[in-house]
Trainee: 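What follows is a single structure, and I will ask about it in a moment.
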Amino acid sequence: EKTKLSKERCCPLDPLTNVSLCANITHASFHKDQQCLEGYEGVLCMVCADQYVPQFTGCTQCKGGGQLPLVFLFLCILCIPLFAIVFIILLKSVKPEKIEDAGEQTSDIMGQVKIVITYVQIMSSMPGIMENVPWPSSFVSFSVPFTTMNLNWMGMVGNSWCSLSVPFQEKFLVHMAMPVLVSLTTWLAYVVSNVCGDREKKSYRSAQALKIFLFIVLFIYPGLCTAVFTMFLCKDIAGVKDGLVLVADFNVRCQQGEHVVYGGLGVFFGVLYVFGIPAYILYVLKKNRQHLYDPTSPKHEEVMYKLGGLYSQYEEKYWWFEVCVILHKMFMTGALCLIAAGTAIQPLVATIFQLIFLLGVVKCSPFDSANDDYSEFVSSFSLTLMMLCAFAITNNDPNEPNFETESVGYFLIGISTLCFVLEFGIMVITCNSNCLKKGEAAAASTKKKTTKIAPERGSSVQDKAQEAWRAVE
């Protein structure tokens with residue numbers, strides 16, 4: 001795609017004279033940016049010129065260019081509705097009488113929703129992570145709307161307001177600030193809810209706030225992985241003699257100038273977020289291991305309410321499996337971009353990794369619900385087929401193709417659509433099963449009460465009959 005764009009921007013035809021812009025360039029007056037279409041400059045004319053910003057697949061004129069302070073201001077504004085939502089949830093939520101019952105009502109469906117979200121995040125990130133794979137345009141267009149699940153709001157907003165479209169390194173800073181702003185917003189909502197709400201429920205609101213924070217952090221985790229690993233994705237381009245080019249921004253030379261600083265920040269945030277989040281979750285679960293599944297433990301209800309979303313979906317012996325899911329997302333949405341980029345080895349490694357994960361799911365069946373096992377199998381199998389298609393496309397010679405690439409694109413769209421249909425069907429079956437269980441439980445409870453009351457009524461009538469007979473005698 002970038003090669004195609006560079007050909008369109010380098011030495012383009014003048015729309016008035018239909019003559020190449022490079023035709024009148026002399027050796028004495030030559031400058032590398034003279035060969036580029038207006039608004040473009042740099043290596044392969046892939047960099048936006050001054051007063052131009054990247055929007056969609058091109059550069060758009062924007063007076064003043066992108067403004068990083070405006071991007072941070074917009075991010076802070078987005079935190080306002082988040083604060084309102086978290087505040088209302090904390091203020092209005094009521095602690096269930098039995099934590100176990102509350103978990104059973106939502107764990108099955110929410111577990112399957114988590115599986116679908118993970119699938120969408122990985123699927124939509126593939127064209128960007130393996131950008132050298134010649135993905136069919138139909139599949140790329142299909143996957144673009146789903147990038148919202150990775151909270152790629154900067155790309156969407158930047159395409160709407162040019163002042164919010166900033167270079168990759170500045171986007172990186174904004175992305176890394178998101179967990180901090182989320183934690184501050186959640187904490188502030190918790191404090192205000194304690195002021196406005198019942199003080200007796202303070203500990204309950206604290207647990208609820210932690211659950212919300214963990215959910216949001218795990219939701220934005222794939223986007224953090226992509227941003228961190230992309231900071232180290234560099235490329236050697238023929239003719240560029242001043243160093244490797246950062247793939248995300250052709251105006252940046254790797255390990256030179258500002259990139260040295262941003263590379264250091266990438267290492268820091270990689271340790272803090274990419275590896276720190278799964279390490280922290282594993283530590284917390286390991287620390288509370290004896291309370292996770294033991295209802296007799298005095299801390300069981302507290303641990304279940306705070307951390308139940310991280311382990312209650314799995315069987316007891318697989319209490320750690322959520323960490324595997326997180327690492328799976330980390331590899332597929334981040335680390336994969338650094339493995340033999342531009343070669344067939346990259347999709348091959350992705351296929352092998354995804355196949356190992358699929359076999360692990362099939363062998364272990366780690367979920368407590370069979371429906372969750374089926375759901376994970378469907379999504380993992382779909383991703384495995386997708387990686388196989390990527391490997392096949394990479395090895396298909398464009399000059400003498402063995403198959404049409406677009407036909408593979410329709411196949412990819414088909415398996416993704418089928419995956420969504422099957423996942424939805426599993427959710428419907430799960431909902432129906434839960435409703436039947438509730439109905440049976442309610443019927444059993446009613447029958448038990450009726451059976452208990454009936455003998456009491458019978459004995460009362462019998463006593464009255466005996467008293468009446470004695471009175472007659």
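Just so you know, these numbers use all the heavy atoms, side chains as well, and skip hydrogens, waters and symmetry mates.
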Trainee: Is there a side-chain contact (heavy atoms from CB on, under 4.5 Å) between Cys162 and Gln55 once you walk through the steps?
Mentor: CA-CA 7 Å; Cys162 69; Gln55 285 190 320; 3.7 Å; yes

Trainee: Under 6.0 Å from the CZ atom of Phe168, do we count more than 12 heavy atoms belonging to anything else shown?
Mentor: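 Yes, CZ of Phe168 has more than 12 neighbouring heavy atoms, counting only those of other groups under 6.0 Å.
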
Trainee: For the pair Leu246 and Lys235, evaluate side-chain contact (heavy atoms from CB on, under 4.5 Å) and give the outcome as yes or no after the intermediate values.
Mentor: CA-CA 6 Å; Leu246 184 66; Lys235 185 177 183 179; over 6 Å; no

Trainee: Is the side chain of Glu376 donor-acceptor paired with the backbone N or O of Ile115 at a distance under 3.5 Å, no angle test?
Mentor: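 Not at all, since once roles are kept as given, no pair shorter than 3.5 Å links the two residues.
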
Trainee: For the OH atom on Tyr318, are there more than 12 heavy atoms of other groups (residues, nucleotides or ligands in this structure) within a distance under 6.0 Å?
Mentor: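 More than 12 within 6.0 Å, yes.
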
Trainee: Minimum heavy-atom separation for Val378 to Cys419, with atom names?
Mentor: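 Closest heavy-atom pair between Val378 and Cys419: CG1-SG, 3.9 Å.
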
Trainee: Less than 4.5 Å apart, side chain to side chain, heavy atoms only: is that true for Ser379 and Glu423?
Mentor: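 Counting from C-beta outward, Ser379 and Glu423 do come under 4.5 Å.
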
Trainee: Cys254: what forms a disulfide (SG to SG under 2.5 Å) with it, not counting sequence neighbours?
Mentor: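 Partners of Cys254 under the disulfide (SG to SG under 2.5 Å) test: Cys234.
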
Trainee: Closest heavy-atom contact between Gly66 and Val53?
Mentor: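 Between these two residues, the closest heavy atoms are N-CG1, 3.5 Å.
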
Trainee: Return yes when atom NZ of Lys211 has more than 12 non-hydrogen atoms of other residues, nucleotides or ligands closer than 6.0 Å, and no otherwise.
Mentor: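 Result for NZ/Lys211: enclosed.
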
Trainee: Check for a donor-acceptor pair, side chain of Asp368 on one end and backbone N or O of Tyr314 on the other, with a separation under 3.5 Å.
Mentor: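 Here the side-chain-to-backbone pair does not exist.
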
Trainee: Using atom types as modelled and distance alone, determine if a side-chain donor or acceptor of Glu322 lies under 3.5 Å from a backbone N or O of Tyr311.
Mentor: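 Absent.
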
Trainee: Check Ile89, Leu90, Leu91 against Phe87 for a side-chain contact (heavy atoms from CB on, under 4.5 Å) and give me the one that passes.
Mentor: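 Only one option passes, and that is Leu91.
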
Trainee: Any chance you could measure Met231, atom CE, to Leu338, atom CG, to the nearest 0.5 Å?
Mentor: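 Going from CE on Met231 over to CG on Leu338, the span is 12.0 Å.
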
Trainee: Give every residue pair that meets the side-chain hydrogen bond (donor to acceptor under 3.5 Å, both in side chains) criterion with at least one member in residues 75-89, sequence neighbours excluded.
Mentor: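 Qualifying pairs: none.
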
Trainee: Answer yes or no: is there a side-chain heavy-atom contact under 4.5 Å between Gln313 and Lys114?
Mentor: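 Answer yes - side chains close enough.
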
Trainee: Before you tell me yes or no, could you show the steps for Ser369 and Asn371 under side-chain hydrogen bond (donor to acceptor under 3.5 Å, both in side chains), namely the whole-Å CA-CA distance, both residues' side-chain angles and the distance that decides it to 0.1 Å?
Mentor: CA-CA 5 Å; Ser369 168; Asn371 288 340; 4.5 Å; no

Trainee: Measure the shortest side-chain to side-chain distance between Leu68 and Val174 over non-hydrogen atoms and say whether it is less than 4.5 angstrom.
Mentor: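 Touching, per the 4.5 Å side-chain cut-off.
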
Trainee: Please list all pairs passing the side-chain hydrogen bond (donor to acceptor under 3.5 Å, both in side chains) test where one or both residues lie in residues 272-293, with sequence neighbours left out.
Mentor: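 side-chain hydrogen bond (donor to acceptor under 3.5 Å, both in side chains) check on residues 272-293 returns His291-Ser297.
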
Trainee: Could you list the residues that satisfy ring pair (Phe, Tyr, Trp, His ring centres under 6.0 Å) with Phe391, not counting sequence neighbours?
Mentor: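 None.
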
Trainee: Step through the shown structure and confirm whether more than 12 heavy atoms of other residues, nucleotides or ligands are within 6.0 Å of CD on Gln255.
Mentor: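 No, because the 6.0 Å sphere around CD of Gln255 holds 12 heavy atoms or fewer from other groups.
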
Trainee: Could you check whether any side-chain N or O of Asn396 sits under 3.5 Å from a backbone N or O of Asn402, counting only pairs where one atom can act as donor and the other as acceptor?
Mentor: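 Yes, the answer is positive, given that a donor and an acceptor are paired below the 3.5 Å cut-off.
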
Trainee: Verify side-chain contact (heavy atoms from CB on, under 4.5 Å) between Asp249 and Gln169, making sure each step is shown before the conclusion.
Mentor: CA-CA 8 Å; Asp249 188 349; Gln169 294 186 125; 5.5 Å; no

Trainee: Below 4.5 Å, heavy atoms only, C-beta onward: do Met130 and Pro347 meet side chain to side chain?
Mentor: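 Yes, close enough: below the 4.5 Å cut-off.
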
Trainee: Would you say Phe142 and Met123 make side-chain contact, with heavy atoms under 4.5 Å?
Mentor: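 Side chain of Phe142 against side chain of Met123, heavy atoms only: contact under 4.5 Å found.
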
Trainee: Do you see a donor-acceptor pair shorter than 3.5 Å between the side chains of Tyr305 and Gln208?
Mentor: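 There is such a pair (donor and acceptor under 3.5 Å, judged by atom type) between the side chains of Tyr305 and Gln208.
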
Trainee: Got a second to check how far Thr384's OG1 is from Phe357's CZ, nearest 0.5 Å?
Mentor: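 One gets 9.5 Å once the value is rounded to the nearest 0.5 Å.
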
Trainee: Taking side chain as C-beta onward, heavy atoms only, is Ile339 less than 4.5 Å from Phe331?
Mentor: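 A side-chain contact exists here, since the closest heavy-atom pair is under 4.5 Å.
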
Trainee: Per the side-chain contact (heavy atoms from CB on, under 4.5 Å) rule, which among Val86, Leu188, Leu184, Leu181 passes with Cys79?
Mentor: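 Only one option passes, and that is Leu181.
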
Trainee: Calculate, to the nearest 0.5 Å, the distance between atoms CH2 and OG belonging to Trp187 and Ser206 respectively.
Mentor: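 Here the rounded value is 12.5 Å.
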
Trainee: For Lys317, does its backbone N or O pair with a side-chain atom of Trp320 as donor and acceptor, under 3.5 Å?
Mentor: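 A pair under 3.5 Å: yes.
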
Trainee: For atom CD1 of Ile345, decide whether the heavy atoms of other residues, nucleotides or ligands shown that lie under 6.0 angstrom number more than 12.
Mentor: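 It does not: Ile345 CD1 has 12 such atoms or fewer within range.
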
Trainee: Would a line drawn from the ring center of Tyr119 to the ring center of Phe420 be shorter than 6.0 Å?
Mentor: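 When the ring centroids of Tyr119 and Phe420 are compared, they turn out to be within the sub-6.0 Å range.
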
Trainee: Between the side chain of Thr148 and the main-chain N/O of Pro145, is any donor-acceptor distance below 3.5 Å?
Mentor: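 Yes, Thr148 side chain to Pro145 backbone: donor-acceptor pair under 3.5 Å.
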
Trainee: Is it the case that atom CD in Glu316 sees more than 12 heavy atoms from other parts of the structure closer than 6.0 Å?
Mentor: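 Counting neighbours around CD of Glu316, more than 12 heavy atoms of other residues, nucleotides or ligands fall under 6.0 Å, so yes.
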
Trainee: Do the non-hydrogen side-chain atoms of Met126 and Met387 ever get within less than 4.5 Å of each other?
Mentor: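 They are in contact (side-chain heavy atoms under 4.5 Å apart), so the answer is yes.
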
Trainee: Could you check whether the rings of Phe172 and Phe269 sit parallel, tilted or perpendicular, using 30° and 60° as the cut-offs?
Mentor: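 The rings of Phe172 and Phe269 stand perpendicular, inter-plane angle above 60°.
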
Trainee: With side-chain hydrogen bond (donor to acceptor under 3.5 Å, both in side chains) as the rule and sequence neighbours excluded, what pairs involving residues 346-363 come up?
Mentor: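 side-chain hydrogen bond (donor to acceptor under 3.5 Å, both in side chains) check on residues 346-363 returns His328-Gln354.
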
Trainee: Output yes when a side-chain donor or acceptor of Thr186 lies under 3.5 Å from a complementary backbone atom of Val182, and no otherwise.
Mentor: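 A pair under 3.5 Å: yes.
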
Trainee: How long is the gap from CH2 on Trp161 to CG on Leu70, to the nearest 0.5 Å?
Mentor: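 Between atom CH2 of Trp161 and atom CG of Leu70 there are 12.0 Å.
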
Trainee: Apply side-chain contact (heavy atoms from CB on, under 4.5 Å) to residues His259 and Arg253 and explain how you reach the verdict.
Mentor: CA-CA 7 Å; His259 187 263; Arg253 299 296 177 270; over 6 Å; no

Trainee: Under 3.5 Å, sequence neighbours excluded: what are the donor-acceptor pairs made by side chains of residues 222-230?
Mentor:
| residue | atom | partner | partner atom | Å |
| --- | --- | --- | --- | --- |
| Thr226 | OG1 | Pro222 | O | 3.0 |
| Thr226 | OG1 | Thr333 | O | 2.5 |
| Thr230 | OG1 | Thr226 | O | 2.5 |

Trainee: What distance do Met176 atom CE and Lys171 atom NZ have between them, rounded to the nearest 0.5 Å?
Mentor: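 Reported to 0.5 Å precision, the distance equals 13.0 Å.
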
Trainee: Could you report the tightest heavy-atom contact between Tyr221 and Val274, atom names first, then the distance?
Mentor: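 Between these two residues, the closest heavy atoms are OH-O, 2.5 Å.
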
Trainee: What's the separation between atom CG in Leu218 and atom OG1 in Thr118, rounded to the nearest 0.5 Å?
Mentor: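 Leu218 atom CG to Thr118 atom OG1 measures 9.0 Å (nearest 0.5 Å).
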
Trainee: Side-chain contact, heavy-atom cut-off 4.5 Å: Glu406 with Ser137?
Mentor: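 Touching, per the 4.5 Å side-chain cut-off.
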
Trainee: Would a distance-only check, ignoring hydrogens and angles, find a side-chain to backbone donor-acceptor pair under 3.5 Å from Ser193 to Tyr190?
Mentor: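 Present.
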
